[in-house]
Amino acid sequence: MTATLVTGIGELVTNDPAHDGPLGLVHDAALVATDGRVSWVGRSQDAPDADRRVDLEGRAVVPGFVDSHSHLVFAGDRSAEFAARMTGEPYDGGGIAVSVEATRAASDDELRALLARRVAEMRAQGTTTIEIKSGYGLDVTHEERALRLARELTDETTFLGAHVVPPEARDDRAAYVDLVVGEMLTACAPHARWIDVFCEPHSAHAFTEEESRRVLRAGLDAGLLARVHGNQLGPGPGVRLAVELGAASVDHCTYLSDDDVDALCGSDTVATLLPGVEFSTRSPYPDARRLLDAGVTVALASDCNPGTCYSSSIPLAIALAVREMGMTPAEALQAATLGSARSLRRDDVGHLRVGARADLTVLDAPSYLHIPYRVGVPLARTLDL
């Protein structure tokens, strides 16, 4: 076994209630990682010996960010669509077809290179656990390919054949849903842990409640776990459906009724908020304060994708959550670590308790408060041990 002592940590966020406050803060801290796992946490003066030593000279350390919602397997460019939205054009999901065309045309090697570059970009900003969805293939061959390539880089892969109805199938939606729950699911399930659906009655391109229920039930029957895109463009059935089927997460949650909040509060379904989307589409931000005050578990993720948020930055998501969604810096950081880990039903990431994966993110700053305080400054990086 090889042990590494990380010392000189000015402020350590553990997310462990055994330490100070909700973030489990330890000041003048040290941590020992043994074979990729946290084996000791405490004050520097009490640290045990180890095989090697890394001195962070007073920098802060937080758990590696957990990005529980991303769409990284795509080709093409939709910057003109972003520019159009900045002048008032609304988002309805139709632009996904542009990415589908470009992604289908790309080779495996081209997609593999694009995917690796985006994952590296995330890691350079402190993200250590990444969920990746398909959804830009929308046929059997290209959905299977997207998940197969994503699985090369993460175990958290999500089958999203029900992203939108592709242009060639819009005259027969029922046939496309049949394909998703049949041949496409059979091809994709071996490469996926999760199934997802864009349940959004306010988009002509997305899926109704009954279509969404059918997709999710088929995925559950195939041994996948459920996630839901819901309540993004207006009030709708997404939250209710997610809770009904025991989904681990319902993502977006921009438009919620009191009944939606009550349902989430009484369930194990995490509300995953994606403020980069609202920033990039000029849409209203979700009310995180309302959810937190009701006792709902909240996660933050990037939703990095080519159309509605081409940002891989969890620090940006944290800053937007603090500035626009009523979260404190501590709540936002915990949502981007422990909350997102819970949305992936993971207990080995999102915290730095003994036994956790030694996924450390170092800040070029003395405190986690600098993440939203110095918005846009590249403070965070993963620490390779």
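Atom set for the values below is all heavy atoms of this structure, side chains included, hydrogens, waters and symmetry mates excluded.
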Is there a side-chain contact between [X] and [Y] in this structure, where contact means two heavy atoms from C-beta onward sitting under 4.5 Å apart?
X: Leu25; Y: Val13; value: yes
X: Leu300; Y: Thr272; value: no
X: His69; Y: Ser302; value: no
X: Ile371; Y: Phe65; value: yes
X: Leu72; Y: Val119; value: yes
X: Thr361; Y: Val61; value: no
X: Pro63; Y: Thr14; value: no
X: Ser70; Y: Ile130; value: yes

Measure from the side-chain N and O atoms of [X] to the backbone N and O of [Y], and report whether any donor-acceptor pair falls under 3.5 Å.
X: Asp196; Y: His229; result: yes
X: His19; Y: Asn15; result: no
X: Arg357; Y: Asp348; result: no
X: Ser134; Y: Leu147; result: no
X: Glu211; Y: Thr208; result: yes
X: Ser340; Y: Thr337; result: no
X: Ser107; Y: Glu110; result: yes

Can we say [X] and [Y] salt-bridge, meaning some charged N sits less than 4.0 Å from an Asp/Glu carboxylate O?
X: Arg240; Y: Asp260; answer: no
X: Glu143; Y: Arg104; answer: no
X: Asp364; Y: Arg374; answer: no
X: Asp46; Y: Arg43; answer: no
X: Arg85; Y: Glu81; answer: yes
X: Arg59; Y: Glu11; answer: no
X: Asp287; Y: Arg289; answer: no
X: Glu144; Y: Arg148; answer: yes
X: Glu210; Y: Arg213; answer: yes

Taking all heavy atoms of [X] and all of [Y], pick out the closest pair and write down the distance.
X: Pro48; Y: Leu5; result: O-CD2, 3.9 Å
X: Val54; Y: Thr4; result: CG2-CG2, 4.0 Å
X: Met327; Y: Ala335; result: CE-CB, 3.8 Å

[X], [atom1] atom: more than 12 neighbouring heavy atoms under 6.0 Å:
X: Arg342; atom1: CZ; result: no
X: Tyr255; atom1: OH; result: yes
X: Glu101; atom1: CD; result: no
X: Asp268; atom1: CG; result: no
X: Glu183; atom1: CD; result: no
X: Asp49; atom1: CG; result: no

Verdict with reasoning, Met86 to Arg282, per side chain to side chain contact (heavy atoms under 4.5 Å, CB included):
CA-CA 7 Å; Met86 295 302 102; Arg282 289 188 180 273; 3.8 Å; yes

Please round to the nearest 0.5 Å and tell me the distance separating atom [atom1] of [X] and atom [atom2] of [Y].
X: Glu209; Y: Glu200; atom1: CD; atom2: CD; answer: 12.5 Å
X: Arg193; Y: Thr154; atom1: CZ; atom2: OG1; answer: 10.0 Å
X: Arg346; Y: Asp155; atom1: CZ; atom2: CG; answer: 7.0 Å
X: Leu115; Y: Leu153; atom1: CG; atom2: CG; answer: 5.0 Å
X: Cys253; Y: Leu264; atom1: SG; atom2: CG; answer: 6.0 Å
X: Ile195; Y: Arg217; atom1: CD1; atom2: CZ; answer: 12.5 Å

Would [X] and [Y] show up in the same hydrophobic cluster when neighbours are defined by side-chain heavy atoms closer than 4.5 Å?
X: Tyr136; Y: Val180; value: yes
X: Leu23; Y: Leu338; value: no
X: Leu292; Y: Val243; value: yes
X: Met122; Y: Ile132; value: yes
X: Tyr368; Y: Leu360; value: no

Could you check whether [Y] and [X], counting side-chain N and O atoms only, form a donor-acceptor pair closer than 3.5 Å?
X: Ser249; Y: Asp251; value: yes
X: Arg323; Y: Tyr285; value: no
X: Asp303; Y: His71; value: yes
X: Gln125; Y: Ser312; value: yes
X: Asp77; Y: Ser79; value: yes
X: Ser283; Y: Thr281; value: yes
X: Gln45; Y: Asp28; value: no

Show your working on salt bridge (Lys or Arg N to Asp or Glu O under 4.0 Å) between Asp178 and Arg173 and close with a plain yes or no.
CA-CA 9 Å; Asp178 287 344; Arg173 294 175 60 96; over 6 Å; no

side-chain hydrogen bond (donor to acceptor under 3.5 Å, both in side chains) between His351 and Asp16, intermediate numbers included
CA-CA 7 Å; His351 63 89; Asp16 183 349; over 6 Å; no

Which atom pairs, one a donor and one an acceptor, fall under 3.5 Å between side chains of residues 157-166 and the rest of the protein, sequence neighbours left out?
| from | atom 1 | to | atom 2 | distance (Å) |
| --- | --- | --- | --- | --- |
| Thr157 | OG1 | Arg151 | NE | 3.4 |
| Thr157 | OG1 | Arg151 | NH2 | 3.0 |
| Thr157 | OG1 | His191 | O | 2.7 |
| Thr158 | OG1 | Glu131 | OE2 | 2.6 |
| His163 | ND1 | Gly135 | O | 3.0 |

For residues 378-385, please give each side-chain donor-acceptor pair under 3.5 Å, one per line with the distance, not counting sequence neighbours.
| from | atom 1 | to | atom 2 | distance (Å) |
| --- | --- | --- | --- | --- |
| Thr382 | OG1 | Arg123 | O | 3.4 |
| Asp384 | OD1 | Arg123 | NH2 | 3.4 |

Contacts of His370 that satisfy ring-ring contact (aromatic ring centres under 6.0 Å, His included) - sequence neighbours left out:
Tyr373

